[in-house]
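No hydrogens, no waters, no symmetry mates; every other heavy atom, side chains included, goes into these values. For ligands, and for the atoms within them, numbers begin at 1 and follow the listed sequence.
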Amino acid sequence: MGLDEAIRRGLAPDGGLYLPTEVPRLPSGYFHGAGDLASVAARWLEPFAAGSRLAGAVGGLAAEALAIPAPLVAVADRTWALELWHGPTAAFKDVGARFLAEALGFLRAHADPPVTVLVATSGDTGGAVAAAFHRRPGFRVGILFPKGLVSPTQERQLTCWDDNVVSCAVRGTFDDCQRLAKAAFQDQSLAERFRFTSANSINIGRLLPQAAYYAAASLMVWGQCREPLSFVIPSGNLGNAFGAVLARAAGLPIGDIVLAHNRNRPVVDFLETGVWNPRPSVPTIASAMDVGDPSNFERFRSWYPAPGALARTIWADSVDDEAIRARIRGDWPALGRVWCPNTATAAEVLARLRTRGGAGGHWAIVATAHPAKFPEVVEPLVGHSIERPASLAGLFGRPARSVEIDPTIAALAAAL
Ligand SMILES: *Cc1c(COP(=O)(O)O)cnc(C)c1O
């Protein structure tokens, strides 16, 4: 099956997730002359699209969707921040969501009746997907978010839409939202009626472009000093981390890949014990990462099935709320940086690694969101208010609209 079909379907008919059958080994010099996210992504995506309806088109789609800065900013000696929050909703999810919208728009031009993009979100996905599909002809969007479990500011970003976007406040957890989305896809009659497609990170169309910023950042450091760049990635559903693993597998100069989790730590435990024990998510202040049963884990497992193989590929650590708070409080005066709570988990994990002498060379803290998305947490810690990027300020000016539902298929159908 080609990339076009995998993107169009989102989820395989048997409920499984799509993966590339092989990862291209890109020759050195492959990205020569490409530097920004859009141009690196255009070249990165081309081999994956080969043989599909997207072949020859992905370059243009990436240029259209990914004209977003993703700067690698020096923070301290051999320490960088990879800022992934310069898109319209100020989180890294804009990258995948915008490419997906562009690709689906290309593949489903003039869809009639419209396709419904269904997305379960713990915060940032819903806003990014809504922004990417808002008023796009041929598409409707259904956002499922756990009522009361996202911050008031997050909730505003999920409910500030109109026209073709329906925001559902689900009485349950993020895992309930995710289960409901999965059940809706597998419900034949509902899926036919609404022509569902997924924009969660189960859709390979969101994951693939996320490798491009790892490629671009590592190439920049390699160009400057011929050294690989290692990454600490704030992780929940593991979609972002999957991009890094993919880029490294394709031969990009990436060193270690470390996942920073909050107290939701099934991945950390798996790497330590070899036992996969997903559990209900627990709420933390790094709420975008509150995932107890990460859906992309099956992708990692399928690529690294042997016992211990995954633990030789990535490393992970877990950080509690107190450590997140302390990191935000301390790094503001020490580095002049205000982290969002999710990013702070990565800053904390890197600091611990450095203290233990386990992190030589160049490291990037992956800054997954702008701190202005989490003012309730961040402002009291740094003692001043955080200015919103202009795009966020625009969203916050819009009126809020949502429908409250139980996590059942019937309630979802009624809301849509
Ligand atoms: C979604 C999100 C994460 C977690 O990313 P995954 O791909 O789900 O692992 C981390 N930080 C922020 C700000 C997010 O929005």
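Some N or O of G236 is nearer than 3.5 Å to an N or O of ligand 1, by distance alone. Remark: ligand 1 and A91 share no N or O pair separated by less than 3.5 Å (distance only, no angle test). Geometrically, ligand 1 and N342 share no nitrogen or oxygen pair separated by less than 3.5 Å. Of the polar atoms of D124, at least one N or O is found under 3.5 Å from an N or O of ligand 1, judged by distance alone.
A donor-acceptor contact shorter than 3.5 Å is absent between the side chain of R388 and the backbone of A393. Looking only at distances, a side-chain donor or acceptor of D94 sits under 3.5 Å from a matching main-chain atom of T89. Remark: side-chain polar atoms of R401 are not paired, donor with acceptor, to backbone N or O of P399 under 3.5 angstrom. Within the 3.5 Å criterion, the main-chain N or O of L158 finds a donor-acceptor partner in the side chain of S167.
In this structure, of Q154, K373, H370, K93, the residue bringing a heavy atom nearest to atom 2 (C) of ligand 1 is K93.
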*Please test R43 against L26 for side-chain contact (heavy atoms from CB on, under 4.5 Å), starting from the C-alpha separation and ending with a verdict.*
CA-CA 10 Å; R43 287 195 209 172; L26 303 174; over 6 Å; no
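Ranking the protein heavy atoms by distance from atom 8 (O) of ligand 1 puts N237 N, 2.8 Å first. For atom 11 (N) of ligand 1, the closest non-hydrogen atom on the protein side is T368 OG1, 2.8 Å. The protein heavy-atom contact nearest to atom 5 (O) of ligand 1 is F92 CZ, 3.5 Å.
V319 pairs with exactly one of M289, R263, R265, R352 by the side chain to side chain contact (heavy atoms under 4.5 Å, CB included) rule, that one being R352.
Using the six-membered ring where Trp is involved, F185 and F196 have ring planes that are perpendicular, over 60° apart on the 30 and 60° scheme. Between F242 and F300, the ring planes are perpendicular. Angles over 60° get that label, and only those under 30° would be called parallel.
Residue contacts with ligand 1 do not include A241, since none of its heavy atoms lies under 4.0 Å from the ligand.
Set against the non-hydrogen atoms of G239, the atoms of ligand 1 under 4.0 Å away are 6 (P), 7 (O), 9 (O). Listed by number with element, the atoms of ligand 1 under 4.0 angstrom from any heavy atom of N240 are 7 (O).
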